[in-house]
There are 2 protein chains.
Amino acid sequence: MTTINDIARLANVSRSTVSRCLNDNGYVSEDARKRIMEVIEETGYMPSQSAKSLRTKKTGVIGVILPKISTETASRVVSGINDVLQANQYQILLTDTSLQKTKEIEFIRLLQSRNVDGIILLGTNKDQELIQAIDQAQVPVVVLGQEIPVTTSVVYPDAQATSHMIEFMLEKGYKKIGFIGAPETDPAVGITRKKAYKETLAKHAISYRDEWVQTGDFAIESGYEKMKQIMEESKDQRPDSVFVVTDNMAVGAIQYIKEQNMQIPKDIAVAATGASTLSQYIEPSLTTIDFLNEEAGATTAQCLLDAIDGKKARKKMEHTYRLLIRNSV
Amino acid sequence: MTTINDIARLANVSRSTVSRCLNDNGYVSEDARKRIMEVIEETGYMPSQSAKSLRTKKTGVIGVILPKISTETASRVVSGINDVLQANQYQILLTDTSLQKTKEIEFIRLLQSRNVDGIILLGTNKDQELIQAIDQAQVPVVVLGQEIPVTTSVVYPDAQATSHMIEFMLEKGYKKIGFIGAPETDPAVGITRKKAYKETLAKHAISYRDEWVQTGDFAIESGYEKMKQIMEESKDQRPDSVFVVTDNMAVGAIQYIKEQNMQIPKDIAVAATGASTLSQYIEPSLTTIDFLNEEAGATTAQCLLDAIDGKKARKKMEHTYRLLIRNSV
DNA sequence: TTTATTTGTGGTATCGATTCCACTTTCGGT
DNA sequence: ACCGAAAGTGGAATCGATACCACAAATAAA
């Protein structure tokens with residue numbers, strides 16, 4: 001591997017001059033610059049980032065912690081993050097917790113030892129240990145998807161969007177709205193959305209029925225199971241519609257409903273959250289909440305870059321959303 | 001930031017001893033080890049990877065070059081890669097070319113300047129410049145998805161699987177099989193699969209008809225367009241089935257067929273490639289080729305690790321596949 | 001007891017860059 | 001013709017680790 005010393009020797013200058021030339025700071029004569037560039041061209045020299053960042057304390061690398069990469073939401077978010085980072089000459093160091101919460105903390109430490117300039121965490125919980133790890137981090141950390149007090153977080157408008165969708169269903173004439181939620185370990189999805197569902201019903205003086213409400217685990221199969229449970233446990237008084245907190249579970253729910261030879265949305269309407277590709281092409285196409293994941297990722301990345309540049313606002317940013325009205329409601 | 005020198009000072013030893021202790025090589029007394037560990041615990045010290053890798057020439061980072069991360073195939077492959085790498089203490093440095101071929105070469109250089117220990121490239125072409133860049137790389141490069149002569153490549157059994165699927169269709173009684181392919185810039189998908197289609201027809205003495213064959217651009221919409229073209233250009237003698245080289249385009253094709261009020265597979269059967277989630281839940285569920293992307297990613301990662309360990313076989317590995325027989329054929 | 005060998009430790013060079021400082025040369029202004 | 005500033009360059013310290021080497025102390029073998 002050729003180093004800056006080789007370049008200096010071949011171009012007959014000192015390595016200080018080469019460095020100055022490459023970083024465009026300080027004075028370098030046209031003559032010297034030309035010779036240096038030629039030698040670099042010939043040798044195909046590339047400066048060692050390890051050496052550079054040892055000296056400058058900057059790596060140009062951002063750590064990203066994901067619950068699961070092979071998920072449409074995650075990969076979309078990463079895509080948005082990447083767009084912004086790449087435009088700013090940063091690269092992504094990827095880690096995947098496989099949904100293990102302890103790994104989130106582990107990776108925050110690992111990434112720091114790898115000298116990343118900042119960390120983006122797709123949040124799945126608000127555990128005290130996690131908050132502490134974030135608080136103690138030596139580099140900026142921005143969280144997407146959960147509101148974390150000690151740092152900047154970009155959150156989805158879970159409450160607002162859920163409420164909006166429920167009201168849309170009410171307007172459409174559905175008054176017996178069921179709900180398939182997620183575990184409370186995930187505050188944003190598990191708690192906030194359910195709370196918004198309940199509150200919106202209350203606001204419109206619609207009674208809440210326990211047997212219409214179930215909690216799934218994000219898997220498509222779980223949507224199927226929970227829908228089945230709702231229907232079986234409420235034979236006397238069935239819901240006329242159901243709001244599901246993820247598209248995937250909604251797909252499972254639809255599968256069950258179809259198997260029972262019921263019509264969507266005539267016999268039972270289904271609304272969901274996520275705007276997955278699948279939601280668009282399933283039969284019937286799903287009315288769902290689009291959280292614009294790429295955009296959210298981009299925003300998060302921009303927040304991190306701002307934080308790195310010292311504009312540490314430690315703010316909470318609520319992202320936008322839109323309702324995709326299709327054929328399931 | 002606390003460094004190894006701080007630890008040495010606080011534990012009353014030299015930094016050599018701290019290093020030996022941390023890397024478990026050379027002799028360290030129980031007494032010294034205990035003191036060092038205590039100090040490390042107290043300070044939360046983490047060794048700087050920049051310094052470490054400047055010295056050792058190893059970063060523990062693998063560069064991954066993707067055509068597009070927000071794609072089910074890519075994210076699945078990355079998931080498989082990550083499983084293997086994480087188990088071996090490696091991290092992924094992610095880059096995304098947004099399908100620009102020049103960026104592949106750019107990233108090969110960029111990743112090297114970032115001192116990655118190896119590179120995995122999800123191949124989209126076999127251009128001479130790319131092959132040259134791979135050949136000149138200073139670190140092992142393993143390519144997935146295209147056969148590149150100068151290095152180890154893991155390839156999907158495009159020909160075999162396509163042929164298998166066409167024969168399955170023939171057995172089912174479809175003799176007028178159309179084809180929606182991809183551009184020839186992608187040799188594996190664009191050339192190999194089409195060649196296998198033609199050869200399999202020939203083998204069974206079935207004539208090939210130009211107006212039943214179209215080339216799309218991977219997008220769902222393009223599948224729709226190309227299916228439309230086939231149907232409109234062959235009004236006199238329509239195909240009774242079509243093989244599509246990606247699931248997404250098949251989804252588009254199905255959409256068009258449904259719009260024409262034709263039945264699948266009764267009026268026209270559709271077979272595809274990719275085993276996407278979508279293919280499973282669309283109506284009718286797609287008969288498709290599953291290339292087991294996670295597994296392919298894992299295999300590729302393992303090949304790279306082998307290459308890093310000096311077992312540079314420079315071999316071609318053909319991955320497995322399976323046919324998923326569902327309801328569209 | 002003497003001689004090897006094992007165990008334990010610190011000193012120092014090194015990896016490949018950046019950056020500050022000192023020094024020389026060139027040049028414009030008076 | 002002189003002086004001060006700008007332009008151009010190299011030397012040396014530094015970043016935070018590793019690893020080789022020399023050496024001392026403890027232990028084992030003769």
Side-chain angles (χ1 to χ4, degrees), chain A residues 1-37 39-40 43-61 89 109-117 138-139, chain B residues 1-37 39-40 43-61 89 109-117 138-139:
Chain A
M1 207 59 193
T2 73
T3 75
I4 197 172
N5 289 302
D6 302 326
I7 305 300
R9 191 166 26 77
L10 292 171
N12 251 305
V13 291
S14 75
R15 71 162 163 281
S16 316
T17 307
V18 178
S19 173
R20 253 176 274 130
C21 176
L22 280 154
N23 296 289
D24 255 341
N25 54 20
Y27 299 110
V28 178
S29 65
E30 265 321 302
D31 188 43
R33 165 162 277 126
K34 193 164 145 283
R35 290 201 317 276
I36 291 169
M37 285 321 203
V39 174
I40 287 178
T43 55
Y45 161 76
M46 298 231 71
S48 152
Q49 271 293 332
S50 304
K52 192 167 186 152
S53 54
L54 172 59
R55 202 46 242 257
T56 61
K57 308 283 162 213
K58 302 223 134 278
T59 52
V61 172
Q89 323 273 48
R109 308 204 74 215
L110 174 76
L111 289 170
Q112 284 185 264
S113 89
R114 287 216 181 273
N115 304 101
V116 297
D117 293 342
Q138 308 284 320
V139 296
Chain B
M1 207 59 192
T2 72
T3 75
I4 197 171
N5 288 302
D6 302 326
I7 305 300
R9 191 165 29 75
L10 292 172
N12 251 307
V13 291
S14 75
R15 71 161 163 283
S16 313
T17 307
V18 178
S19 173
R20 253 177 273 130
C21 176
L22 280 154
N23 296 289
D24 256 341
N25 54 17
Y27 298 107
V28 178
S29 66
E30 264 321 302
D31 188 43
R33 164 162 277 125
K34 193 163 144 282
R35 286 198 325 272
I36 292 168
M37 285 322 205
V39 174
I40 288 178
T43 55
Y45 161 75
M46 299 229 70
S48 152
Q49 271 292 333
S50 304
K52 192 168 185 152
S53 54
L54 173 59
R55 201 49 242 257
T56 60
K57 308 285 163 210
K58 301 224 134 277
T59 52
V61 173
Q89 324 272 49
R109 307 203 75 215
L110 174 76
L111 289 170
Q112 285 184 264
S113 89
R114 287 215 180 274
N115 305 102
V116 297
D117 293 342
Q138 308 284 322
V139 296

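These figures come from a predicted structure and were not determined experimentally. Just so it is clear, the values below take in all heavy atoms, side chains as well, and ignore hydrogens, waters and symmetry mates. Within every chain, numbering begins at 1; the chains are lettered A, B, ... in the order of the sequence lines, protein sequences first and strands thereafter.
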Would you tell me if any nitrogen or oxygen in the side chain of [X] comes within less than 4.0 Å of OP1 or OP2 on [N]?
X: Lys57(B); N: dG16(C); value: yes
X: Lys52(A); N: dT18(C); value: yes
X: Ser29(A); N: dT9(D); value: yes

Exercise. Using heavy atoms to find the nearest nucleotide of DNA chain C for Arg35(B) and Ala51(B) separately, return the residue whose nucleotide is more 5′.
Key: Arg35(B)
Self-check item: Nearest-nucleotide 5' precedence on DNA chain C, Glu30(B) against Arg55(B)
Solution: Glu30(B)
Given side chains that start at C-beta, do those of [X] and [Y] come closer than 4.5 Å, heavy atoms only?
X: Thr3(A); Y: Arg9(A); value: no
X: Ile36(A); Y: Val13(A); value: yes
X: Leu10(A); Y: Tyr45(A); value: no
X: Asn115(B); Y: Ser48(A); value: yes

Quiz prompt | Contact residues, residues 12-28 of chain B to DNA chain D [heavy atom, < 4.0 Å] | solution = Arg15(B), Ser16(B), Ser19(B), Asn23(B), Asn25(B)
Self-check item: Net bend of the helix from dT1(C)-dA30(D) to dT30(C)-dA1(D), end axes of five pairs each, nearest 10 degrees
Solution: 30°
Is a donor on one side and an acceptor on the other found under 3.5 Å between the side chain of [X] and the backbone of [Y]?
X: Arg15(B); Y: Asn5(B); result: no
X: Arg114(A); Y: Gln49(B); result: no
X: Arg35(B); Y: Ala11(B); result: yes

Quiz prompt | Side-chain H-bond candidate by donor/acceptor type, Ser19(A) with Ser16(A), under 3.5 Å | solution = no
Quiz prompt | Separation of dT18(C) P from Asn5(A) CG (nearest whole Å) | solution = 11 Å
Quiz item: Between Ser48(B) and Ala32(A), which is nearer to the 5' end of DNA chain D once each is assigned its nearest nucleotide?
Solution: Ala32(A)
